Amino acid sequence: MQPDLSSVTLRNTGFEAEALPWLDAVYRFALRLTGGIEAEAEDLTQETFLRAFRSWDTFESGTNARSWLFTICRNVFLRQQQLKARLPESTNSELDTDLGAIAAHDVFHDTAFDPEQRFFESLVDEEVIRALDTLPTEFREAVALSDVEGLGYNEIAEVLGVPKGTVKSRIFRGRRLLQQLLRAYALEMGYIRRPRA
């Protein structure tokens, strides 16, 4: 008996149409979760989409795929953090692999043909991203989902699994911390004026 390939084709088509357009957004969120560590963000994004594809039949078509993917990404990140806390880290010399061959093709950083990513990078100053990456995780997640990815309070509450009031509080406190971190930089760049004596 041969497998029913029509269901596999429909699954792939639905995944490509609804999930893959959010690849860059999930990568940016993963980058914020990992504190700007690109290799970890790439791994996190790959694992997120692998898990999403495997469980695509549980996704309700027409619902918010972006929030669903962010939830998966955050859950994978939290699980990885739990495992890191339990297992000692291996060094490259302990691994028996050719890392150069593995990193031969970098999918996530080819921005030459990605005008959306270039536009995003032109708006968000590197200093702001560095400051965002230093925030405690709970604030970094909320601010990144709100201010970088444009999710509303209800969507963020769903992704983070916390009440809407908690989301508002974390965004407020995260923005305050960012404001404190970036004040000197804003003065230096002329974004704000020094107070008159």
Side-chain angles (χ1 to χ4, degrees), residues 19 22-49 51-52 63-87 89 108-109 111 116-195:
W22 301 112
L23 180 66
D24 290 338
V26 171
Y27 174 70
R28 286 191 305 267
F29 181 55
L31 203 53
R32 301 294 60 86
L33 288 175
T34 61
I37 302 171
E38 294 176 358
E40 288 183 20
E42 291 168 1
D43 291 344
L44 182 55
T45 303
Q46 181 178 356
E47 184 64 25
T48 298
F49 276 86
R51 289 185 187 204
T63 60
N64 192 337
R66 179 173 63 162
S67 292
W68 185 68
L69 290 166
F70 285 154
T71 301
I72 293 171
C73 184
R74 181 175 182 266
N75 289 340
V76 169
F77 173 74
L78 293 174
R79 180 70 179 138
Q80 288 175 349
Q81 294 305 303
Q82 288 174 339
L83 291 174
K84 277 184 184 179
R86 288 188 216 156
L87 301 173
E89 185 133 345
F108 297 105
H109 294 94
T111 58
E116 180 183 9
Q117 181 66 22
R118 281 190 284 164
F119 177 73
F120 172 79
E121 289 172 354
S122 71
L123 288 179
V124 181
D125 191 280
E126 198 173 304
E127 191 68 28
V128 175
I129 294 298
R130 268 197 295 271
L132 180 60
D133 288 344
T134 66
L135 294 181
T137 303
E138 62 198 22
F139 302 132
R140 186 172 63 234
E141 290 173 337
V143 171
L145 289 170
S146 171
D147 297 349
V148 178
E149 298 305 331
L151 268 64
Y153 293 136
N154 291 334
E155 292 173 305
I156 297 169
E158 184 181 322
V159 170
L160 300 181
V162 297
K164 185 173 157 181
T166 303
V167 168
K168 289 180 178 182
S169 172
R170 288 180 183 179
I171 290 171
F172 176 79
R173 291 175 65 194
R175 287 176 180 164
R176 278 291 170 107
L177 288 171
L178 273 177
Q179 183 181 23
Q180 292 169 2
L181 291 169
L182 294 170
R183 181 159 177 71
Y185 176 72
L187 286 167
E188 179 185 323
M189 297 302 293
Y191 295 135
I192 60 174
R193 294 181 189 172
R194 295 188 186 279

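Bear in mind the structure is a predicted one, so any value in this text is a computation, not a measurement.
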Does a side-chain heavy-atom distance below 4.5 Å link [X] with [Y]?
| X | Y | answer |
| --- | --- | --- |
| L83 | R79 | yes |
| R74 | F29 | yes |
| F49 | L23 | yes |
| I72 | V26 | no |
| E155 | R66 | yes |
| E38 | Y27 | yes |
| C73 | L44 | yes |
| L31 | T45 | no |

Handout entry: Working for side chain to side chain contact (heavy atoms under 4.5 Å, CB included), residues L132 and V148
Key = CA-CA 10 Å; L132 180 60; V148 178; 4.2 Å; yes
Shortest non-hydrogen contact from [X] to [Y]?
| X | Y | answer |
| --- | --- | --- |
| F139 | R170 | CD2-O, 3.5 Å |
| L177 | L135 | CB-CD2, 3.5 Å |
| L178 | V128 | CD2-O, 4.4 Å |
| I156 | A142 | CD1-O, 4.1 Å |

Please report the interatomic distance [atom1]([X]) to [atom2]([Y]), rounded to the nearest 0.5 Å.
| X | Y | atom1 | atom2 | result |
| --- | --- | --- | --- | --- |
| Q179 | R183 | CD | CZ | 7.5 Å |
| F77 | E47 | CZ | CD | 14.0 Å |
| E40 | L33 | CD | CG | 11.0 Å |

Exercise for the section: Identify, with sequence neighbours excluded, every residue that meets ring-ring contact (aromatic ring centres under 6.0 Å, His included) alongside W22. Expected result: none
Exercise for the section: Under the side chain to side chain contact (heavy atoms under 4.5 Å, CB included) rule, collect the residues that match up with N154, sequence neighbours excluded. Expected result: K164
Problem - SB check R140 D133 (cutoff 4.0 Å) - result: no
Problem - E141 with R32: basic N within carboxylate O range, under 4.0 Å - result: no
Exercise for the section: Without swapping roles, check the side chain of S169 against the backbone of G165 for a donor-acceptor pair under 3.5 Å. Expected result: no
Handout entry: Check: S67 side chain, N64 main-chain N or O, donor-acceptor pair, under 3.5 Å
Key = no
Practice task
Any chance you could lay out the side chain to side chain contact (heavy atoms under 4.5 Å, CB included) test for T63 and W68, step after step, and finish with the verdict?
Solution key: CA-CA 9 Å; T63 60; W68 185 68; over 6 Å; no
Exercise for the section: Begin from the C-alpha positions of T48 and F70 and carry the test side chain to side chain contact (heavy atoms under 4.5 Å, CB included) through to its verdict. Expected result: CA-CA 8 Å; T48 298; F70 285 154; over 6 Å; no
